[in-house]
Amino acid sequence: MNATAFYFESSMTQETTEIARGLRRRDPDLLDRLIEQYQHRLFRYLVHLTGRRELAEDLFQETWIRVLERGHQFNDKYAFSTWLFAVARNLAIDHMRRKQPASLDGLLNDGETPFDVPATGRASAFDMTVQREQTEQIAAGMQHLPAEYREALTLRFQEGMSLEEIASVVRVPLGTVKSRIYRGLSALEPWLKGMPS
Amino acid sequence: MNTDAHERARKLVALDGPDEVSGSDQVASNAWLRAHLETCDACRAFAGNAAETIRGLRAISLVAGRGLVSTTQTRVRRRALELQRHRERLWLVAVSCTAVTLCALLSTAALWRGFEWLGTRAHLAPSVWQVGFLVFCGMPAVVAGVLLLAKDTHLADHAGSYQG
């Protein structure tokens, strides 16, 4: 391992340990900082998981309350984001169970697209239009995927998590994670071409 | 080229490489994938589409609103305060219980000595003053129990009329 990699790894470990210590103390300043730091990532994950912006907003708040209450359960051997997403996921599943006895199957689309597609920078107007259209199509396609696939794709390609991290958030074997990513990506292919079945 | 090879190539493409396999296996897999994509148009097209899809996925913008963040921070701070107060109350109860237990132990020892001294002075058998000690110690609990049981009964109304 080179010196830079070692430096980053040790500073990450130190940061995780500090987070664990702060969570045990229920330090509100630390929580303020964590909410700021993870706001977009967590919100994006919840919107993709639930497919509903309003529900994602409720779960976002509940997740941080749960983080405050159960902070002592965070194990600093793992990344904080992995634990945070697992907490959010459990809350989403609990919410759906209260509504109907199902797991993620209940988290399906209701026709509304909760995504905003931004204009991409540094490209010609034509390229930007094409890319924007493609992104819109993919966003629409995401709404039609089963929640498990949406979740796997989000964690992998938006959050940049490793397969092992995804497996520990979702609590399924590594093979299942790989399969969900592959199938999810394959299912989005017709949407990219603008030919959804 | 068999179907397994295409399937393998597409999975490697979909999983975006890096941690699908590790170490020397990864190098070998990447080399195999490159060679496969050079010869297979269908898989190359899949790889191109996958890259576009992944780019599209990364371009989807979802931002938590400022209001949501500040509301969450306020709720978390309020809940933290509640939990802190709850913890302080629990601490107070624990300290009180400890103090009461210590006082009870000390007073019981002193009472025992007192009853022993009285029993000796009155030339009573030890069993007599010991029973007296037990009755004396148990009496507050018995009285409290009777009053609690008698609450909202004829007995309580009657007792109340005496006080009134």
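These values consider heavy atoms only, across backbone and side chains, with no hydrogens, waters or symmetry-generated copies. Numbers restart at 1 for each chain; the letters A, B, ... are given by sequence-line order, proteins then strands.
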Looking at A/Glu189 and B/Phe46, what are the two nearest heavy atoms and their distance?
-> OE1-CD1, 3.5 Å
Exercise: identify the closest heavy-atom pair between B/Gly56 and A/Ile138 = CA-CD1, 3.7 Å
Hydrophobic clusters here meaning ILVMFWY residues chained together by side-chain heavy-atom distances under 4.5 Å, can you tell me if [X] and [Y] are in one?
X        : Y        : answer
A/Leu174 : A/Val169 : yes
B/Trp32  : B/Leu37  : yes
B/Phe115 : B/Trp117 : no
B/Leu134 : B/Val128 : no
B/Leu147 : B/Val135 : yes

Quick one: which of B/Val76, B/Val69, B/Thr71 gives a side-chain contact (heavy atoms from CB on, under 4.5 Å) with A/Gln61?
-> B/Thr71
Where on [X] is there a heavy atom nearer than 4.5 Å to chain B: the side chain, the backbone, both, or neither?
X        : value
A/Leu31  : side chain
A/Tyr182 : both
A/Asp27  : neither

Does any heavy atom of chain A fall under 4.5 Å from the side chain of B/Arg87, the backbone, both, or neither of them?
->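 Side chain only.
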Answer yes or no: is there a side-chain heavy-atom contact under 4.5 Å between [X] and [Y]?
X        : Y        : result
B/Ile54  : A/Leu185 : yes
B/Arg77  : A/Asp29  : yes
A/Arg156 : B/Leu57  : no
A/Arg66  : B/Arg79  : no

Could you give the distance from [atom1] ([X]) to [atom2] ([Y]), rounded to the nearest 0.5 Å?
X        : Y       : atom1 : atom2 : value
A/Arg26  : B/Leu83 : CZ    : CG    : 4.5 Å
A/Lys178 : B/Leu12 : NZ    : CG    : 9.0 Å
B/Thr72  : A/Gln39 : OG1   : CD    : 9.5 Å
B/Glu82  : A/Glu69 : CD    : CD    : 9.0 Å
A/Asp58  : B/Leu68 : CG    : CG    : 9.0 Å

Top contributor to chain B contacts, counting heavy-atom pairs under 4.5 Å, from A/Leu153, A/Ile65, A/Ile181 =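 Heavy-atom pair counts peak at A/Ile65.
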A/Leu46, A/Val177, A/Leu68, A/Thr154: which one forms the most heavy-atom pairs within less than 4.5 Å of chain B?
->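 Max contact count across the listed options: A/Leu68.
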Could you please spell out the steps behind the side-chain contact (heavy atoms from CB on, under 4.5 Å) verdict for A/Arg44 and B/Ile60?
-> CA-CA 9 Å; A/Arg44 193 162 50 204; B/Ile60 294 172; over 6 Å; no
Counting only heavy atoms not in [X], do more than 12 sit closer than 6.0 Å to its [atom1] atom?
X        : atom1 : value
A/Arg183 : CZ    : no
B/Arg113 : CZ    : no
A/His72  : NE2   : yes

Indicate yes or no for a side-chain donor-acceptor contact from A/His40 to the backbone of B/Val63 under 3.5 Å, with no hydrogens or angles considered.
->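 No: the side chain of A/His40 does not pair with the backbone of B/Val63.
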In terms of heavy-atom pairs under 4.5 Å with chain A, which of B/Gly65, B/Ala80, B/Ala64 leads?
->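 That would be B/Ala64.
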Residues from residues 73-88 of chain A approaching chain B under 4.5 Å (heavy atoms) = none
